[in-house]
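Everything below concerns the one structure shown next.
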Amino acid sequence: MRSFPEIADDVATAKRISDADALTLLRHPNLHELGRLANLVRERINGNRASYVVNRYLNYSNVCILSCQFCAFARRKRDPDAFEFAIDDMVDAARQSLADGITEIHIVGGLHPTLPFSFYTDMLASLKALDPSLILKAFTAIEIRHLAERIHKQPIAETLAALRAAGLDALTGGGAEIFDPTVRNRICRGKETAEEWIEVHRTWHQMGGRSTATMLYGHLETLEHRIDHMRRLRQLQDETGGFTGFVPYAFEPENNQLAHIRRIGALEELRMLAVARIYLDNIDHLTAYWISTGLPIAQIALSYGVDDLHGTIIEEKIFHMAGASTPAAMTRATLIKAIREAGREPVQRDTFYRTLRPESVTAS
Ligand code: SF4
């Protein structure tokens with residue numbers, strides 16, 4: 001096992017670290033030393049820039065045929081708080097947000113048993129018709145598999161191609177949870193395997209598409225499981241280069257079957273983000289998901305490897321149904337102020353992390 005200074009020397013000269021090194025870093029007692037090391041990588045790749053996207057979420061339905069143990073969002077069709085939005089209502093919501101300057105709509109839902117494939121293509125096409133430059137980032141890998149296998153009954157590539165023809169621009173990174181099969185079976189029994197999640201993203205990347213990657217941690221997994229998860233992402237990224245960013249988030253233990261687990265604390269989140277920045281040397285961007293961490297920790301994370309604070313979001317449901325006490329939306333002005341307070345340069349980005357505008361003086 002190598003020592004912290006040996007690993008730090010490699011990181012300083014942009015050498016890749018091993019899984020064993022990552023474990024050493026996750027166990028390193030001095031969080032500030034770890035943060036400084038992650039900051040080196042962060043500044044080498046992204047300089048002083050810290051980005052955010054002006055986006056809104058749309059959850060078309062929370063009806064789902066699965067019952068992942070960690071999930072507080074899904075409902076059966078007969079449940080009183082099950083919902084399904086009409087496309088016209090989603091278009092109205094998107095139109096209002098466009099007037100507020102959104103550049104992206106982030107769309108996910110449950111695995112709905114009966115909505116036809118045309119619902120999904122019509123939804124994408126109707127939203128795209130509002131503004132062709134509006135980027136539609138939609139669907140987790142399990143939704144794509146559900147659509148391909150049960151609804152559209154076509155291979156993954158054909159299903160993705162049909163969704164892209166309707167307006168799909170990017171895939172979300174959701175549903176990765178934790179890849180280890182034993183833990184996966186205890187937190188989301190019945191969900192797709194790691195290999196199946198990776199297959200969807202590989203197929204999309206091979207079609208020229210881009211996506212993000214996520215990790216849900218702080219539940220039943222070990223530190224080794226977290227590294228195993230990141231190793232599989234790093235391997236796929238070496239192969240395709242299709243991931244634009246990594247978004248790890250901590251498990252929220254309310255209103256679900258794993259409510260007995262204590263939520264991990266802020267220091268553990270900072271540690272995880274820092275090691276992710278150092279280990280995932282081939283994924284350019286690392287997000288502190290303020291919906292999960294809260295804005296103050298996301299600000300601190302900008303000195304622990306993070307270069308992105310995600311977005312304005314508007315109407316987040318999934319984390320809030322699981323007990324997150326953060327706001328459900330954030331204004332541009334608040335994000336910009338938070339980034340400046342942390343000593344970074346705020347930059348509005350698009351879905352693909354391209355700079356839309358460096359902030360000058362004003363923001364509303
Ligand atoms: S996490 Fe997704 S697939 Fe699992 S129950 Fe919730 S909505 Fe359904």
Side-chain angles (χ1 to χ4, degrees), residues 57-85 90 105-115 117 119-120 123 137-152 156 159-160 163 168 171-201 211-221 225 229 247-259 261 263 289 291-292 313 315-324 328:
Y57 278 21
L58 277 180
N59 299 118
Y60 54 88
S61 173
N62 63 348
V63 175
C64 188
I65 58 173
L66 289 187
S67 305
C68 298
Q69 295 91 316
F70 72 84
C71 179
F73 171 75
R75 297 290 184 273
R76 294 290 185 235
K77 209 166 166 28
R78 62 179 177 276
D79 289 340
D81 50 353
F83 66 81
E84 291 172 23
F85 283 115
M90 289 190 275
I105 301 187
H106 183 287
I107 308 164
V108 293
L111 311 186
H112 197 288
T114 53
L115 284 174
F117 192 62
F119 170 86
Y120 301 90
M123 172 177 71
K137 180 175 181 179
F139 309 125
T140 62
I142 187 75
E143 286 174 275
I144 296 295
R145 295 198 82 88
H146 172 69
L147 294 179
E149 289 163 12
R150 298 192 189 89
I151 308 294
H152 193 40
I156 302 280
T159 302
L160 285 168
L163 294 169
L168 177 67
L171 278 191
T172 76
E177 323 311 359
I178 201 87
F179 285 149
D180 177 79
T182 314
V183 182
R184 207 168 173 80
N185 195 41
R186 294 176 66 197
I187 67 164
C188 53
R189 193 168 37 252
K191 208 164 197 173
E192 87 275 46
T193 62
E195 292 73 22
E196 289 171 336
W197 187 96
I198 285 167
E199 185 199 1
V200 169
H201 285 264
S211 60
T212 46
T214 61
M215 176 173 74
L216 178 71
Y217 68 101
H219 40 81
L220 302 175
E221 87 290 352
H225 293 144
H229 187 98
V247 190
Y249 35 71
F251 169 63
E252 295 290 343
E254 275 187 39
N255 306 323
N256 55 43
Q257 297 170 50
L258 301 174
I261 296 173
R263 193 193 186 286
Y289 193 47
I291 282 278
S292 169
I313 291 182
E315 264 201 287
E316 202 285 333
K317 286 193 174 68
I318 294 174
F319 277 73
H320 287 89
M321 288 170 85

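In each ligand, atom 1 is the first atom listed, and ligand 1 is the first ligand listed. Along the sequence shown, the residues carry numbers beginning at 1. The figures here come from the full heavy-atom set of this structure, side chains too, leaving out hydrogens, waters and symmetry mates. These numbers were taken from a predicted model, which means no experiment stands behind them.
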Exactly one of Arg76, Arg75, Gln257 should register a side-chain hydrogen bond (donor to acceptor under 3.5 Å, both in side chains) with Ser67. Which one does?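 So, applying the side-chain hydrogen bond (donor to acceptor under 3.5 Å, both in side chains) to Ser67 and each of Arg76, Arg75, Gln257, only Arg76 qualifies.
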Side chain to side chain, Phe139 and Val108, heavy atoms closer than 4.5 Å: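 When only atoms from C-beta onward are counted, Val108 and Phe139 do not touch, as no gap falls below 4.5 Å.
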How about His146 and Ile65: do any of their side-chain heavy atoms sit closer than 4.5 Å?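 Yes. Closest side-chain heavy atoms under 4.5 Å.
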Please verify the inter-ring angle class for His201 with Trp197; under 30° counts as parallel, over 60° as perpendicular, anything in between as tilted.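 Rings of His201 and Trp197: parallel, under 30°.
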Show the atoms of ligand 1 that are less than 4.0 angstrom away from any heavy atom in Phe70.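 Result: 1 (S).
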Can you tell whether the side chains of Glu199 and Arg145 come within less than 4.0 Å, N to carboxylate O?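 Yes, Glu199 and Arg145 are salt-bridged.
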Which protein N, O or S atoms sit under 2.8 Å from atom 8 (Fe) of ligand 1?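 Listed by chain and number: Cys64 SG.
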Can a donor-acceptor pair be found between the side chains of Thr159 and His152 at a distance below 3.5 Å?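 Looking only at side-chain atoms, His152 and Thr159 do not form any donor-acceptor pair under 3.5 Å.
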